[in-house]
Each structure stands twice: as structure tokens, then as C-alpha cells.
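First comes the structure, then the notes that go with it.
Here the structure is a predicted model, which is why all the values come from computation and not from measurement.
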Amino acid sequence: MKIACVQMNIEFGEPIKNFAAVKRYIEEAANNGSDTIVLPEMWNTGYALTELNRLADENGEKTKQFLQSLAYQHRVNIVGGSVATKRSERFYNTMYVIDKGGSVVSEYDKAHLFKLMDEHLYMEPGQKLNRFQLDDVECAGIICYDLRFPEWIRTHILLGAKVVFVPAEWPKKRIDHWQLLLQARAIENQCYIVAVNRVGTDPDNEFNGHSMIIAPWGELLVTNEEEEGIFYAEIDMKEVEDVRQRIPVFADRREELYSLKKSFFHETD
Ligand SMILES: O=C(O)CCC(=O)C(=O)O
């Protein structure tokens with residue numbers, strides 16, 4: 001599967017300009033033979049949280065139609081990063097995933113909202129997992145701050161995910177955390193990680209990309225890119241099986257030790 005990471009700048013509070021940029025990027029990535037194109041977090045508006053009432057996409061309709069038509073036209077999967085959406089007067093940070101036939105195969109609201117950027121004051125957290133298949137590969141998707149919750153990713157992995165997509169607006173000042181956390185998640189879960197971060201600035205932050213594709217053994221297939229652009233890598237699902245056979249982490253898990261309640265009981269027994 002050839003993957004394209006769209007490491008784009010996002011115009012703050014300017015959905016029309018951002019939709020036009022995403023269209024150009026998807027066309028370019030499709031023309032370069034991509035199977036799966038991945039966008040960053042909140043690419044329609046950036047973190048324009050105080051203007052969500054005016055800017056958020058009502059029921060995600062505009063985004064879904066737009067991505068579905070591009071996916072169908074170019075026969076590509078699109079992991080649509082995320083967009084600000086509005087449903088029943090509430091706002092969400094929502095990922096839509098579209099397959100090559102133009103069907104929406106997953107809708108996911110970011111589960112862990114980022115208090116440092118006041119996200120919890122404006123948006124509602126999601127309550128559901130994000131599992132889907134693309135070209136018969138079991139996948140999962142999380143959004144930005146979700147990355148700091150390894151148990152959330154592990155849950156998806158235990159249910160079968162072999163590729164985890166991570167769209168983000170991760171600021172430059174904590175980019176070392178981004179790199180380390182992503183690489184650790186790939187190694188411990190013996191899976192591919194495809195992580196796409198934006199570049200540019202908003203009123204509060206600077207973003208320097210470093211989108212990454214990481215193999216299940218931890219090799220960096222895309223890394224350290226700081227410029228705006230599309231970065232590509234091929235992933236091979238045999239790698240996941242090979243690594244899982246080499247070090248059988250999943251067979252060696254001691255589930256019975258991991259429940260907080262039980263280990264506390266054991267210690268005081
Ligand atoms: O966890 C972090 O440092 C960044 C998270 C973030 O920027 C976000 O979730 O939007």
C-alpha cells in the first residue's frame with residue numbers, strides 16, 4: 001500500500017481556502033500512484049475554536065461529499081485527518097475515512113480533548129473506537145492528543161488493527177514528544193504508524209510537521225520533514241506478521257496482571 005502524508009499549512013478560520021488546498025493535494029497524491037492519502041487534524045478551520053458556530057461543518061456533510069467524490073474519482077482511500085463538525089448544536093473534532101469506492105467506512109470523534117488548547121471548553125469528546133478496513137487491511141485512527149493514551153491505541157490493536165493513523169496539529173515546542181511517542185507506539189504494538197502533522201502557524205502556535213511513517217520494527221520510513229508537501233512510503237503488511245513472530249509480544253502478554261484492581265489485591269494479599 002503506497003501511503004501519502006499531506007503535510008500542509010492550514011489557513012486559520014478559512015475553510016474555503018483549505019478545501020481548495022486539500023483538493024490540489026489529493027489530486028497530486030493520486031496522480032503519483034497513492035493508495036491511501038492522509039490529511040492532518042482540523043484541516044478545515046485550524047483551531048479557530050471561538051468561531052466554530054460560523055465555521056464548523058454541519059453534520060460533516062460538506063466534508064463527506066467532498067472527500068467521497070475525490071476518493072471515487074481517483075480510486076484512492078482517504079483518511080480525512082479531522083474537521084470541525086457541528087451536530088445538534090454541539091461541536092466535535094471528527095475524522096472521516098473514505099475507501100476507494102467512495103464509501104464512508106468510519107466516522108470518529110476525538111476521544112481525548114486537549115485542555116492546554118482549551119479544546120474541552122468548545123468541543124465534545126467522542127465515545128467510540130475507530131476501526132475500519134482499507135484494501136482488506138485492519139486499521140485504526142486516533143487524533144493528536146489521543147496519542148498520549150497508549151491504552152487507547154492498545155485497545156484498537158488487541159481488536160486487530162495493524163496500521164494506526166494519527167492526524168495532528170502538534171506544536172513545534174513539543175515535537176520531541178511526538179516523535180518518541182509515535183516510535184514507541186509502533187514498536188510496542190508491532191504495527192505501522194502513519195502520523196501526519198501540519199506546518200505553519202496559528203495565533204498561538206508554530207507547527208513544524210515531522211509527519212512520520214514508522215514500520216513495526218521501529219524503522220522510520222518518513223521522518224524529519226519540516227516543509228509543506230506530500231511525503232510517501234510503501235508499507236508491507238507481511239512486516240507486521242514477521243515482527244510479531246520474531247518477538248511474540250502478544251502471546252507473552254500477562255493480561256491477568258494488568259487489571260489495577262487485581263494487582264492491588266495481590267500486593268496486599
Ligand atoms: O499533546 C500534545 O502535546 C499536543 C496535542 C494537541 O496539540 C492536540 O491534541 O491538538
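A donor-acceptor contact shorter than 3.5 Å is absent between the side chain of Ser34 and the backbone of Ala4. Checking side-chain atoms of Asn130 against main-chain N and O of Gly141 turns up a donor-acceptor pair under 3.5 Å. No donor-acceptor pair under 3.5 Å is formed between the side chain of Asn93 and the backbone N or O of Ala84. When atom types are taken as modelled, the side chain of Asn44 and the backbone of Val83 share no donor-acceptor pair closer than 3.5 angstrom. Under a 3.5 Å cut-off, the side chain of Trp43 and the backbone N or O of Gly80 do form a donor-acceptor pair. The main-chain N or O of Asp118 is never found under 3.5 Å from a side-chain atom of Tyr122 such that the two would form a donor-acceptor pair. Asp99 places a side-chain N or O within 3.5 Å of a backbone atom of Gly101 that can act as its donor or acceptor partner. At distances below 3.5 Å, at least one donor-acceptor pair connects side-chain atoms of Asn197 with backbone N or O atoms of Gly209. Asp236 places a side-chain N or O within donor-acceptor distance of the main-chain N or O of Lys238, the cut-off being under 3.5 Å. Without hydrogens or angle criteria, Arg246 side chain to Trp217 main chain gives no donor-acceptor distance under 3.5 Å.
The side-chain tip of Arg87 points at the ring of Tyr92 from less than 6.0 angstrom away and within 45° of straight on. A cation-pi arrangement, defined by a distance under 6.0 Å to the six-membered ring centre and an angle within 45 degrees of its axis, is absent between Arg198 and Trp170. For the pair Arg75 and Tyr72, the cation sits on the ring face: its NZ or CZ lies under 6.0 Å from the ring centre, inside 45° of the axis.
Taken from CD1 in Ile213 to SG in Cys5, the straight-line distance is 3.5 Å, to the nearest 0.5 Å. With values rounded to the nearest 0.5 angstrom, Asp136 atom CG is found 9.0 Å from Met1 atom CE. The distance from the CG atom of Leu39 to the CD1 atom of Ile26 is 5.0 Å, given to the nearest 0.5 Å.
A donor-acceptor contact closer than 3.5 angstrom is absent between the side chains of Asn205 and Glu169. At a cut-off of 3.5 Å, with distance as the only test, a side-chain donor of Gln7 or Ser211 sits close to an acceptor on the other residue.
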Assess the residue pair Glu124 and Arg90 against the criterion (salt bridge (charged side-chain N to carboxylate O under 4.0 Å, His left out)); give the C-alpha distance rounded to whole Å, side-chain angles, the decisive distance to 0.1 Å, and a yes or no. CA-CA 7 Å; Glu124 300 295 319; Arg90 290 169 188 266; 3.2 Å; yes
Stepwise, does the side-chain contact (heavy atoms from CB on, under 4.5 Å) test hold for Phe231 with Thr223? CA-CA 9 Å; Phe231 303 102; Thr223 187; over 6 Å; no
Going through the checks in order, is the side-chain contact (heavy atoms from CB on, under 4.5 Å) test met by Ile37 and Tyr25? CA-CA 9 Å; Ile37 301 171; Tyr25 272 124; over 6 Å; no
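Of the charged side-chain nitrogens involved, at least one lies within less than 4.0 Å of a carboxylate oxygen, so that Glu107 and Lys64 count as a salt-bridged pair. Here Asp135 pairs with Lys100 in a salt bridge; the nearest charged N to carboxylate O distance falls below 4.0 Å. A salt bridge links Glu27 to Lys23: at least one charged side-chain nitrogen sits closer than 4.0 Å to a carboxylate oxygen.
Minimum interatomic distance between Trp178 and Val166 (heavy atoms only, all atoms of both residues): CH2-O, 3.8 Å.
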If you look only at distance, which donor and acceptor atoms sit under 3.5 Å apart when one is on a side chain in residues 45-58 and the other is two or more places apart or in another chain?
residue: Tyr47; atom: OH; partner: Glu41; partner atom: OE2; Å: 2.9
residue: Tyr47; atom: OH; partner: Lys110; partner atom: NZ; Å: 3.1
residue: Tyr47; atom: OH; partner: Glu119; partner atom: OE1; Å: 3.4
residue: Tyr47; atom: OH; partner: Glu119; partner atom: OE2; Å: 3.1
residue: Glu51; atom: OE1; partner: Arg54; partner atom: NH2; Å: 2.2
residue: Asn53; atom: OD1; partner: Lys86; partner atom: NZ; Å: 2.9
residue: Asp57; atom: OD1; partner: Lys62; partner atom: N; Å: 3.3
residue: Asp57; atom: OD2; partner: Lys62; partner atom: N; Å: 3.3
residue: Asp57; atom: OD2; partner: Thr63; partner atom: N; Å: 2.8
residue: Asp57; atom: OD2; partner: Thr63; partner atom: OG1; Å: 2.5

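Note: Phe114 and Tyr145 have tilted aromatic rings, judged against thresholds of 30 and 60 degrees for the angle between ring planes. The aromatic rings of His112 and Trp152 lie perpendicular to each other, with more than 60° between the two planes, well past the 30° mark.
A side chain to side chain contact (heavy atoms under 4.5 Å, CB included) with Tyr192 is found for exactly one of Ile3, Ile214, Leu221, namely Leu221.
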